[in-house]
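Quick one: this structure, given as structure tokens, is what I'll be asking you about.
Side chains are part of it too, since the values below use all heavy atoms of this structure and drop only hydrogens, waters and symmetry mates. Note that ligands are numbered from 1 as they come in the structure, with each ligand's atoms numbered from 1 the same way.
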Amino acid sequence: MAFSPDTLRADFPILNQEINGAPLVYLDNAATTQTPLAVVEASARYYASINANIHRAAHKLAREATIAHEAARRTVSTHLNAAHDHEIIFTSGTTDAINLVSNTLALSGRIGNQDSIIISGLEHHSNIVPWQMLCERTGAQLKVIPVLDDGTLDLEAYQQLLDDSVKLLAVNHVSNALGTINPVQSMIRQAKQVGALVLIDGAQSAPHLNIDVQDLDCDFYAFSGHKIYGPTGIGILYGKENILNELPPWRGGGEMIKEVTFEHTTYNDLPFKYEAGTPDIEGAIALAAAIDYMNKLGMDHIAAHERSLQELATAALQELPGMQFYGTAANKAAVISFGIEGIHPYDLGALIDQMGVAVRTGHHCTQPLMARFGIPGTVRASFAAYNTEEEVTRLVQAVKKASMMLS
Ligand code: PMP
């Protein structure tokens, strides 16, 4: 299928609206992408035709819902090139997936007070706080890879941090605040050399890059449905079979058990061991529809298009006076983060919203990273498959006008 943002916009009716009398320019895709009709329809079809609780009942609807739910798991598994479908755990999002790993690790006793965990200075709060909580419970130490001025990781410092005490590396693949693409493949290889497990926060790479978890050789990879053109409330934890089998379950309840007596409970096999209670059945099915949609467009086409928009916007914005970019690495994905000298990012964001341009302003749930640059926040424009060159022009015009009004 030929890739044409102008054509595919027809799949996203939400984009076709006016904000304050101007056509909406939606550039907050790193927070949440819009859902195409194929996803909305998959979700509606589920409720209109097969809604029932899965795995339990012998009736036809329950069977159909179960088949659709497990087919969705297969779609995710194929998309990530997992070795087994049961390595795919449905969660409520990236945050939930990371908390699943941190809690099962805490319960497992694999991490003690002589051990350490490495994260990076680029992390979202949801890849910081669960590890701080794990360290509080276990006495382990949290070590942080510093960030260089261009928004890349200090890889020499990373090597210095790697020693036998390191039990886990938890790092994002792509920074949500700056767009930096981290060299996770080599970082994973190095972490493996000291015997550490590796969790990749894929919230910002799953929307833009082809992911092959076997090639990456990570132990865990997490992402959210709502950043890949799917619904909110659903996400994925990929985990290697051997480690998922070894770790204990975290949440208890229906579905995650084999047999329950008051004296003793035995746990279910993968993936159900980690999926207590009734899951978000419709969400899983709609998430699979979103993955099908992305694959129909082609991940490479999406990435190339977003890159050209990012380059176009960067070139035009840097002509404006006082412009300061954060995250200037060459290897970036779909994000431009900037500020204008003497202007608070919130004021800039609020003004351009009045002109119909939706961007995010603030710390982007990366307060330590903002502290690293000594700023309260940035203005972040983030791109998706449906954005156009015309929208980049609208963004640049709005920023120019707002900065003239504010300075
Ligand atoms: N990690 C990164 C890099 C993110 O960008 C986000 C969402 N902004 C998250 C984690 C958390 O995702 P969610 O809120 O969907 O759980």
(Q) I need the atoms of ligand 1 closer than 4.0 Å to a non-hydrogen atom of T95, numbered in the order shown. (A)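 Selected atoms, number and element: 11 (C), 12 (O), 13 (P), 14 (O), 16 (O).
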Q) Are R251 and D96 close enough for a salt bridge, meaning some N to O gap below 4.0 Å? A)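 Salt bridge between R251 and D96, a charged N being under 4.0 Å from a carboxylate O: yes.
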Q | Close approach of N127 to ligand 1, heavy atoms, under 4.0 angstrom | A |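 Under 4.0 Å: no for N127.
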Q. Strictly under 6.0 Å, is that where the ring centroids of H364 and H124 end up?
A.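 No, ring centres 6.0 Å or more apart.
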Q | Nearest atoms (heavy-atom pairs only) where A334 meets E306 | A |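 Smallest heavy-atom distance, with atoms named: CB-OE1, 4.0 Å.
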Q) Would S126 count as a contact of ligand 1 if the rule is a heavy atom under 4.0 Å away? A)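 A heavy atom of S126 does come that close to ligand 1.
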Q: With heavy atoms of S224 as the reference, note each atom of ligand 1 found under 4.0 Å away.
A: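 Numbered from 1, ligand 1 contributes 12 (O), 13 (P), 15 (O), 16 (O).
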Q. So is K227 close enough to ligand 1, meaning a heavy atom under 4.0 angstrom away?
A.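 K227 counts as a contact of ligand 1 under the 4.0 Å cut-off.
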Q: Any atoms of ligand 1 less than 4.0 Å from a non-hydrogen atom of Q204? List them with their elements.
A: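 In order of number, 3 (C), 4 (C), 5 (O).
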Q: For the residue pair V392 and T388, establish whether any side-chain heavy-atom pair is separated by less than 4.5 Å.
A: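 The answer is no; the side chains never approach within 4.5 Å.
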Q. Who gets closest to atom 6 (C) of ligand 1 by heavy atom: H125, H124, H173, H364?
A.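 Nearest heavy atom to atom 6 (C) of ligand 1 lies in H124.
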Q) Any nitrogen or oxygen of D201, main chain or side chain, under 3.5 Å from a nitrogen or oxygen of ligand 1? A)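 Yes, D201 has an N/O under 3.5 Å of an N/O on ligand 1.
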Q: May I ask you to check whether H69 and F90 place their ring centers less than 6.0 Å from one another?
A: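 Yes; F90 has its ring centre under 6.0 Å from that of H69.
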**Q.** Aromatic centroids of F272 and H55 separated by under 6.0 Å
**A.**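 Centroid separation for H55 and F272: below 6.0 Å.
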Q) Below 4.5 Å, heavy atoms only, C-beta onward: do M323 and S403 meet side chain to side chain? A)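 Not in contact.
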Q.
Check contact between H226 and ligand 1, using heavy atoms of the residue and a distance below 4.0 angstrom.
A.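 The answer is yes, since H226 has a heavy atom less than 4.0 Å from ligand 1.
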